Amino acid sequence: MNFDLVIRNGTVATASDVFKADVGVRGGRIAALGDGLAAGREEIDAAGLLVLPGGVDGHVHFDQPTGDESVMADDFLTGTRSAAFGGTTTVLPFACQEKGKTLRAAVDDYHRRAAGKPLIDYAFHLIVTDPTEQVLGQELPALIREGYTSFKIYMTYDALKLNDRQILEVLDIARSEGAMVMMHAENADCIAWLTEKLERAGQTAPYFHGVSRPRVAEREATHRAISLAELVDVPILIVHVSGADAVEQIRWAQGRGLRIYAETCPQYLFLTADDLGGDGFEGAKCVCSPPPRDAANQKVIWDGLTGGAFQIFSSDHAPFRFDGPSGKKVHGEQAPFRCVPNGIPGVETRLPLLFSEGVMKGRMELTRFVELTAANPARMYGLHPRKGTIAVGADADIALWDPSRKVTITNGILHHNVDYTPYEGIEVTGWPVVTLSRGDVICRDGALLAEPGRGEFLPCGLPAPARPKGSPAPVLPF
Ligand code: URP
Ligand code: ZN
Ligand code: ZN
């Protein structure tokens, strides 16, 4: 029995186990796990390395139209390149419906944007901004059946937000079709009211972006999202949770037996409101929504990650350059915070940051790291067990980690197309040194070995976690 590739002598970790094994790869898939496997055409000696499932980043924004003159810095080539160097082998960006247009147009446009570019496999979430009768009755159900089985809805941002009635209608379709709904939970009116007050007082520096989006606005929307989901009896996933108040709502709902899932991101562990700066514009680099909070809230987020309130850890990579005409300064260097594009880069640093501060500092087991960063996102979005695990039959998407390599994060070592990283100067222990996608070595020791366009589009299955509580029968995985 010959293999295309054998990875020998490494320590394999999945979401449930850590064990010594050789990994045999054939036809892009894992064909065997064992001790002393037969020779492969190629061999990698992984002695001293961890053999982890490639990361699944369930929340990234690449080349997403923004609605103004700003342009995202990363497309499907530079975004997936950055992901791959950070040990991530599957990404899920968003095909965003423009109000007044169809969802199908957004999907077609997004496939055009991706064509010929991705280095790793990818699926699309949808963003539903205009739930017309046609969208609810025909387009959305049809797209879900074609493999677009998750979508995001917004409770904030004028161009994107839905009202409660619209949210209920969209949730109802998710329930009947079995899709996963991601909720951006911030109260739009609270934010608009505070923004106007701050502007009247001349408090428009990036720092005040955080002041305009307080935790209570996130808490209220989180509670409302949970209540609407309970009314419809459909699971939802609250994305990019930033602080204690929202976590409290999520724990409350989970304690009541509701299927409420939650995601958090590196910015809520490693940044605080101070990173949004003083009077200057530098803080624009960290303008994202919800905004980073403070050290006490960081601790609550850590506790939620280690203790189980959160199911997934994503980057929310939303890349805008700091300098230049189409990024953070699109409306000038003195622009009020309301005009600063929201979002920060992080697809490459997501895994090293959590590995170093989580696993190496003893906050979480390696199995939990794999669960949060690969296995659970794959389950949540209908890609498991093809993605997110090391098992016979799974795609050979693997990251070989050197757990003792010390790296100081600087923008110069990263592979995105953004001119800064919010994590400049942080030293981490542990780094992915080889990344494989479907058995191909695509990154090795800093060299890119993949051709643009080799990444495949993944139609997603119906995610088991999206099944309503009232669902009658289990869906068997075979
Ligand atoms: O500020 C953020 N998070 N920008 C990306 C868009 C979103 O809401 O996730
Ligand atoms: Zn969001
Ligand atoms: Zn996002």
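In this chain, numbering begins with 1 at the start of the sequence shown. Keep in mind the model is a prediction, meaning the values are calculated, not measured. Counting starts at 1 for both ligands and their atoms, in listed order.
- With the Zn ion (ligand 3) as the vertex, NE2 (H59) and NE2 (H61) define an angle of 110°, rounded to 10°.
- Using modelled atom types, one finds no donor on one side chain facing an acceptor on the other under 3.5 Å when comparing N376 with H384.
- Short contacts between ligand 1 and H59, defined as distances under 4.0 Å to a heavy atom of the residue, involve ligand atoms 9 (O).
- When heavy-atom distances to ligand 1 are checked against a 4.0 Å cut-off, N342 comes that close through both its backbone and its side chain.
- Residues Y110 and F76 bring their aromatic ring centres within 6.0 Å.
- Nearest to atom 1 (O) of ligand 1 by heavy-atom distance, out of S242, C286, S289, is S289.
- Nearest to atom 9 (O) of ligand 1 among the protein's heavy atoms is K152 NZ, 2.8 Å.
- With N342 contributing its side chain and V340 its backbone, the two residues share a donor-acceptor pair below 3.5 Å.
- Residue D316 has at least one heavy-atom neighbour below 4.0 Å for each of these atoms of ligand 1: 2 (C), 3 (N), 5 (C), 9 (O).
- Which parts of ligand 1 touch C288 is read off a 4.0 Å heavy-atom cut-off, strictly below it: atoms 1 (O).
- For F94 and F124, the ring centers sit 6.0 Å or farther from each other.
- In this pair, F270 and Y423 present their aromatic rings perpendicular. The plane angle is above 60°, beyond the 30 to 60° band.
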Practice task
Show your working on side chain to side chain donor-acceptor pair (under 3.5 Å) between D57 and H317 and close with a plain yes or no.
Solution key: CA-CA 9 Å; D57 196 335; H317 180 85; over 6 Å; no
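- Shown are the protein N/O/S atoms under 2.8 Å from the Zn ion (ligand 2), given by residue and atom: K152 NZ, H184 ND1, H240 NE2.
- Among residues two or more places apart in sequence or in another chain, the side chain to side chain contact (heavy atoms under 4.5 Å, CB included) test is passed with K161 by D158, A188.
- The protein heavy atom nearest to atom 6 (C) of ligand 1 is H61 NE2, 3.6 Å.
- With a 4.0 Å heavy-atom cut-off, ligand 1 is reached by the side chain of A318 but not by its N, CA, C or O.
- Aromatic ring centroids of F313 and F355 lie 6.0 Å or more apart.
- Under a 4.0 Å criterion applied to the non-hydrogen atoms of Y157, ligand 1 contributes the atoms 1 (O), 8 (O).
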